[in-house]
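Structure record follows, encoded as structure tokens.
Given the structure is predicted, the values throughout are model-derived calculations rather than measurements. All chains are named by letter (A, B, ...) in the order of the sequence lines, taking the proteins before the strands, and each is independently numbered beginning at 1.
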Protein chains: 2
Amino acid sequence: MSDRPLSANAASGETVPCEDCPLRRRAAFRSLSEDELHFIERLKIGEATFVKGQALLTEGTRSPYVYTVLHGWGFRYKLLEDGRRQILNYALSGDFLGLQASVFGDTGYSVEALGPLRACVFQRERLWELYKSWPSLAFDLTWLAAREERILDDNLLSVGRRSALERVAYLVMHLFARAESVGLATGDRLTLPITQQHVADTLGLSLVHTNKTLSRLVRLGLLRWHAGSLALVERDKLAALAGFDLEARSVRPLI
Amino acid sequence: MSDRPLSANAASGETVPCEDCPLRRRAAFRSLSEDELHFIERLKIGEATFVKGQALLTEGTRSPYVYTVLHGWGFRYKLLEDGRRQILNYALSGDFLGLQASVFGDTGYSVEALGPLRACVFQRERLWELYKSWPSLAFDLTWLAAREERILDDNLLSVGRRSALERVAYLVMHLFARAESVGLATGDRLTLPITQQHVADTLGLSLVHTNKTLSRLVRLGLLRWHAGSLALVERDKLAALAGFDLEARSVRPLI
DNA sequence: CGGGTTCTTGACTAGTTTCAAGCAAAGTGG
DNA sequence: CCACTTTGCTTGAAACTAGTCAAGAACCCG
């Protein structure tokens with residue numbers, strides 16, 4: 001099913017023309033010219049809905065598709081043979097998935113939906129047209145790749161050099177900031193469909209220790225966390241503890 | 001000094017025209033058309049030599065330059081305020097440095113030379129010309145970005161989910177494979193200018209534990225390591241222990 | 001031949017994992 | 001609609017991996 005998302009899912013909703021894309025209305029994304037928009041419209045071959053647990057991409061396979069998330073959450077991960085899992089990053093509205101697949105053919109990681117997830121679908125091989133005729137969009141793709149690299153750099157710093165307490169604080173701040181930038185947070189509150197096992201696999205910790213660390217942050221009065229419902233009680237203190245940069249974000253491209 | 005590498009270093013050696021670039025002769029790199037080569041030649045504003053410990057890029061600054069390493073080793077890293085260091089990746093012949101700088105203006109990491117390092121220098125702002133007129137080269141840049149992403153994914157998997165023994169084995173295999181692909185390894189031997197502190201900061205381990213783990217691998221008869229001189233005694237066993245993929249590499253672009 | 005790095009080793013400590021058990025909440029099916 | 005199962009969360013205790021401290025040896029470089 002995961003390798004034929006279109007036939008399996010295309011019927012499950014109305015396809016939105018790129019001009020009417022709800023994401024484009026958000027200030028977080030750079031606005032495109034008529035022509036650029038038109039090109040993307042032609043590049044897009046449809047939309048697909050994925051259910052919780054369904055794979056968008058699978059490690060080691062050659063997906064013919066790449067995606068841009070419209071709404072919903074997903075996560076990118078790798079497995080060791082014995083089942084140990086490392087979550088590399090999360091995907092939410094506006095995130096592009098499948099750059100490695102576009103460039104190398106095969107994907108080095110898997111992507112799974114954390115709940116109902118809707119995505120724009122593009123044909124991997126036609127992405128080359130974008131480079132030939134739309135340098136501005138090609139640059140946008142590079143922008144997105146550089147952003148992914150920056151997030152990975154930060155995560156690696158966390159997992160390699162921060163204590164468990166700092167790590168959890170950093171992840172919470174990171175996810176909140178990203179969700180907020182696409183309008184998913186209300187004040188200091190955010191509902192995110194991840195379990196403590198996901199947090200553990202993101203931070204390189206065990207489930208038990210993650211639970212204890214999370215409880216510690218709650219007891220310290222810095223945040224609240226109940227079944228994926230997150231509230232930042234002391235945002236500044238969390239940021240300070242995590243070494244997280246609270247500065248404003250710039251506008252970003254959307255493909 | 002690090003922000004004016006050209007004036008400081010340009011005199012320290014002959015500049016090689018791109019057509020005569022020794023790297024291009026290697027099978028690892030894809031060959032370019034006359035026109036592509038000519039364009040890169042015009043984009044290049046010189047070469048620079050860096051000494052051990054010198055910075056090519058500095059976290060949080062806006063370097064006007066980006067680089068391609070000609071020879072020598074460097075490493076990319078981030079610091080926490082209290083001095084904890086995480087090494088994100090290494091840079092050697094053919095590696096492009098400064099993608100984040102090109103796209104965001106400021107750099108999120110630092111790059112430091114591990115010994116004498118010579119690099120091609122490009123002006124960050126003129127990279128946009130490459131997108132406008134040379135889609136094939138723009139795609140190459142994206143290729144390099146995707147490769148960096150893949151390496152970071154792998155490192156994150158290591159640091160997050162592998163044991164100390166597996167981590168060291170993985171790093172050794174990774175560095176050896178990269179060095180070998182650009183002709184720096186002889187048989188099963190390689191001289192790499194890194195200390196055990198670098199290994200520790202790459203893998204998220206303490207110096208002492210890194211030393212003990214390295215000794216254990218030596219005692220197990222899998223490798224030899226003396227002051228940066230590495231020999232893979234049991235390459236297959238190391239790969240198996242590390243969960244490292246021994247498969248052949250494809251040709252890669254060079255900018 | 002110093003003097004500084006880098007490496008090595010042992011003893012002790014702290015942080016984290018593993019094991020185990022129980023509970024709460026949310027499905028699922030008869 | 002209620003037993004039954006599954007999934008996720010929580011807690012305590014024991015085991016272990018990795019970190020810290022300390023000191024000395026080996027190695028380079030000038």
Does [X] pair with [Y] as a salt bridge, N-O distance under 4.0 Å?
X: R76(A); Y: E148(A); answer: yes
X: R161(A); Y: D82(B); answer: no
X: R162(A); Y: D154(A); answer: no

Which sits closer to the 5' end of DNA chain D, R216(B) or V208(B), going by the nucleotide each is nearest to?
R216(B)
Donor-acceptor pair, distance only, cut-off 3.5 Å: does the side chain of E149(B) make one with the backbone of A145(A)?
no
Treating Q86(A) as the side-chain partner and T202(A) as the backbone partner, does any N or O pair qualify as donor plus acceptor under 3.5 Å?
yes
Reading DNA chain C 5' to 3', what string of ( ), [ ], | and . shows its pairs, if Watson-Crick and G-U wobble pairs count only when both distances fall under 3.5 Å?
||||||||||||||||||||||||||||||
Rounded distance (nearest 0.5 Å) linking atom CD of Q196(B) with atom OG1 of T213(B)
10.0 Å
Could you tell me if the side chain of R167(B) sits less than 4.5 Å from the side chain of V199(B), heavy atoms only?
no
Decide yes or no for M173(A) and L241(A): does some side-chain heavy atom of the first lie under 4.5 Å from some side-chain heavy atom of the second?
no
Kindly write out the residues that satisfy side-chain hydrogen bond (donor to acceptor under 3.5 Å, both in side chains) with S163(A), not counting sequence neighbours, or none if the list is empty.
E166(A)
Take atom [atom1] of [X] and atom [atom2] of [N], then tell me their distance rounded to the nearest Å.
X: K52(B); N: dT5(C); atom1: NZ; atom2: P; value: 10 Å
X: R161(B); N: dT17(D); atom1: CZ; atom2: C1'; value: 15 Å
X: R84(B); N: dT20(D); atom1: CZ; atom2: C1'; value: 14 Å
X: R224(A); N: dC9(D); atom1: CZ; atom2: P; value: 18 Å
X: R162(A); N: dG15(C); atom1: CZ; atom2: C1'; value: 18 Å
X: H209(A); N: dA14(C); atom1: NE2; atom2: C1'; value: 11 Å
X: L207(B); N: dT5(C); atom1: CG; atom2: P; value: 14 Å
X: H226(B); N: dA26(D); atom1: NE2; atom2: C1'; value: 12 Å

Looking at dC9(D), I'd like to know if its phosphate oxygens (OP1 or OP2) sit under 4.0 Å from a side-chain N or O belonging to N211(A).
no
Looking only at the side chain of W225(A) (C-beta and beyond, no hydrogens), which of the listed nucleotides dT18(C), dG10(C), dC9(D) gets closest?
dC9(D)
Please determine, for the side chain of A164(B), which listed nucleotide (dT18(C), dA18(D), dG10(C)) has the closest atom?
dA18(D)
Base dG19(D) to side chain K212(B), donor-acceptor N/O within 3.5 Å cut-off
no
Give the residues of residues 190-205 of chain A touching DNA chain D, defined as any heavy atom closer than 4.0 Å, sorted by residue number.
T195(A), Q196(A)
